[in-house]
Protein chains: 2
Amino acid sequence: MARIRLIDVAELAGVSMKTVSNVVHSYPHVAPALREKVQAAIDQLGYRPNLTARRLATGKTGMIALAIPEIDHPYFSELSRHMAEEATRRGYRVIIEQTLSDPDLERAVLIDREAGLVDGVIFHPVRMETLDIAKLDAGTSLVLLGEAAIPVMTDHVMIDNVSAALDATRHLVASGCRRIAFLGVIAADITGSTNQRLLGYQQGLLEAGVRLDPELVFTALEFTAEAGLRSVTEAIERGVRFDGVVCRDDRFAIGALKALHDSGRSVPGDVAVVGWDNTFLGAYTSPTLTSVAPKKTELVAAAFDLLEERIAGYRGVGRHLIVGHSLAVRESAPHTP
Amino acid sequence: MARIRLIDVAELAGVSMKTVSNVVHSYPHVAPALREKVQAAIDQLGYRPNLTARRLATGKTGMIALAIPEIDHPYFSELSRHMAEEATRRGYRVIIEQTLSDPDLERAVLIDREAGLVDGVIFHPVRMETLDIAKLDAGTSLVLLGEAAIPVMTDHVMIDNVSAALDATRHLVASGCRRIAFLGVIAADITGSTNQRLLGYQQGLLEAGVRLDPELVFTALEFTAEAGLRSVTEAIERGVRFDGVVCRDDRFAIGALKALHDSGRSVPGDVAVVGWDNTFLGAYTSPTLTSVAPKKTELVAAAFDLLEERIAGYRGVGRHLIVGHSLAVRESAPHTP
DNA sequence: CAGCCAATGTACAGCGCTAGAAAGATATTT
DNA sequence: AAATATCTTTCTAGCGCTGTACATTGGCTG
């Protein structure tokens, strides 16, 4: 079953390849009669242009790569969905690369990108350091997401983590919490995200005239609900008292909800809980989860805008965009009446 | 910043293109000294082969498409992750196509596949009908997932839904449930999945000598936790009594948990709940969710095996594989003591 | 009716890489 | 030393499509 080529259609229709190509591309200056004849040949043979060949000829692949740590992390799977939809809207296809937070895989993404496979890359680094990225960002189209690394020359989109954490903390303060914990600092995590969120949290306490009690900064071992559960359970067992928790991540928040539930605390009665990322998980818990909500569609649109400008030839310094956020208020930390 | 080409390397090293190509491909018969010289030139220029060109020349793209209804559905995002990992293991890249259960998008997947973009497609159809798929499966490499459509000529992997539903029902019967409900039949859903699961459910009741009460078959309007919640809430309000629920989907199960919780029922005390797909959602709920667990890694491996045989040239009739399943037993329907 | 322009169509040289044939170099055998 | 075998390397024809340069046609103008 040999594939039908442009030339096969051309022969059947008795015209040149270019004319067939013109029909395929809806080039205006083709005589209606000819166009019809060619179209008939196309239909008859079931011709589909070979995209690989087209790519080689045009130099454009029409494809962008989205490199994220884990496909099945709710935040990233939602992000992927938005990316896929935005890409379709803009005429691109998305190829998803899972880096698993492995520095080598992350590096591979940046190197492969140059292999002419994709026109650009949207990359959410976790482990690669600023300088490392700067070194590999060899002038091709790249947009970074998140706060892990921010090379000056590279475009970058994020939310204002400090102010978001501040909002979350203020929300808890407003509903009467005074002993507010922060979950979770990760031993192995040297990314800026946690630090910034912690900073906003401190600022919120300061504003409320509450002193930060180091005992209330909970540490987790890894980014899982399980680790969050363990961390909160241990705090409870240590006798730490708290009436609110700002969680660095929805999964931590879910672990926290479970820990509180298992230890007989009511949420939000005894402890109010705020998560982060506003993933769909939060809608499924009991109680439902209040969560910091990055404006994902804005973020996706901004990332694409920057990327397309790069693809179009922009070679200037990196643009660093902040997109909005809000607080999705649900049962675990409701509005004050 | 013009891209470095094979010929640039060849010129710098003072050899022919083919020799450079041989080095790149680790072809054995290259004199060590020459190999070193070429490698030095490659490193110096930072040469990366252009994959698009390679593809055009070899006819292999090294890429497969995974077409699923929604990237951010937990089942599919977990599946995607496994697919991505298996693909990497086998030397492929995955391009994910989101069909959104739209018949036109589903059809587009099958048509685009022929555009020389990918070597094969793994496709989980939802809306396309058997005949429609059969018509478009024009001899290229395709493997289907799920139960929606099963054209004879096309390869296909699924779990035994009847027997899995039977297992779930038996589990509830064994723990003493007698009035077992089934959630949810979807008005608009004509896929085989629901019917098969319903069949296994009936069979389980029959075995236990329990008559099927039509009142216990709960209908939902769409595939969301929200719809599940509503369906169960309405049943409770109608005064329907039941002590167990087999859910067609983890999201329904989560809706059910919430409905039961909100109405003051305890799970599993008053009502035991079994979900389906064993997504990570089930580990995060309170109580945690017992769920039918398709062996995803087996499924992924089987799909790839079939696909690779197709890619390698197999042109016979469709193989229809059943992969295993188990029941992930957690708190919502625990083991009987 | 020559002279021109615009509208249509054709020819063909790449895009960067691969792979098989052919040539050149070196080693082995008789 | 000639003949043969074995390595190494070069040559070159595509892969299927696009875009530029050029050829052709027909309609109009003056």
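On a predicted model such as this, the values are computed, not experimentally measured, just so you know. What's counted below: heavy atoms across the whole structure, side chains too, no hydrogens, waters or symmetry copies. Convention: sequence-line order gives letters A, B, ...; per-chain numbering from 1.
Nucleotide D:dC22 holds its P atom 20 Å from the CE atom of A:M17, rounded to whole Å. We find that CG of B:L34 is positioned 14 Å from C1' of C:dG24, with the value rounded to whole Å. Computed from coordinates, the B:R55 CZ to C:dA19 P distance equals 15 Å when rounded to whole Å. Rounded to whole angstrom, the span from the NE2 atom of B:H25 across to the C1' atom of C:dG20 amounts to 15 Å. Regarding A:I42, its CD1 atom lies at a distance of 13 Å from the C1' atom of D:dC17, rounded to whole Å. As rounded to whole Å, 12 Å separates atom P of C:dC17 from atom CG of B:L56. The NZ atom of A:K60 sits 20 Å away from the C1' atom of D:dG16 (whole-angstrom rounding). Between the C1' atom of D:dG16 and the CG atom of A:N50 lies a distance of 6 Å, rounded to the nearest Å.
Out of C:dG16, C:dT10, C:dT18, the shortest distance to the side chain of A:V15 is found at C:dT10. Side-chain proximity of A:A31 to C:dG9, C:dT18, D:dC17: nearest is C:dG9. Residue A:V30 places its side chain closer to C:dG9 than to any other of C:dG9, C:dG16, D:dT10. Distances from the side chain of B:R5 to the nucleotides D:dT10, C:dT18, C:dC17 place C:dC17 closest.
Side-chain contact between A:V126 and A:T99 is absent, with no heavy-atom pair separated by less than 4.5 Å.
No contact: A:L51 has no heavy atom under 4.0 Å from any strand. Within 4.0 Å of B:T19, counting heavy atoms only, lies at least one base atom of the nucleic acid. Across all strands, A:Y27 comes closer than 4.0 Å to no nucleic acid atom at all (heavy-atom distances).
With respect to A:D104 and A:R127, no salt bridge is recorded, no charged nitrogen being found less than 4.0 Å from a carboxylate O. Here A:R81 does not pair with A:E78 in a salt bridge; the nearest charged N to carboxylate O distance is not below 4.0 Å.
The 5' end of DNA chain C is approached more closely, in terms of each residue's nearest nucleotide, by A:P28 than by the other of A:A53 and A:P28.
Under the 30°/60° scheme for interplanar angles, the aromatic rings of A:H124 and A:F76 are found to stand perpendicular.
Between the side chain of B:K18 and the base of C:dA19 there is at least one donor-acceptor pair of N/O atoms closer than 3.5 Å.
Here B:H29 reaches the OP1 or OP2 of D:dT8: one of its side-chain N or O atoms lies under 4.0 Å away. In this structure, B:S16 does not reach the D:dT9 phosphate: none of its side-chain N or O atoms is under 4.0 Å from OP1 or OP2.
No hydrogens or angles considered: a donor-acceptor pair under 3.5 Å links the side chains of B:T61 and B:D119.
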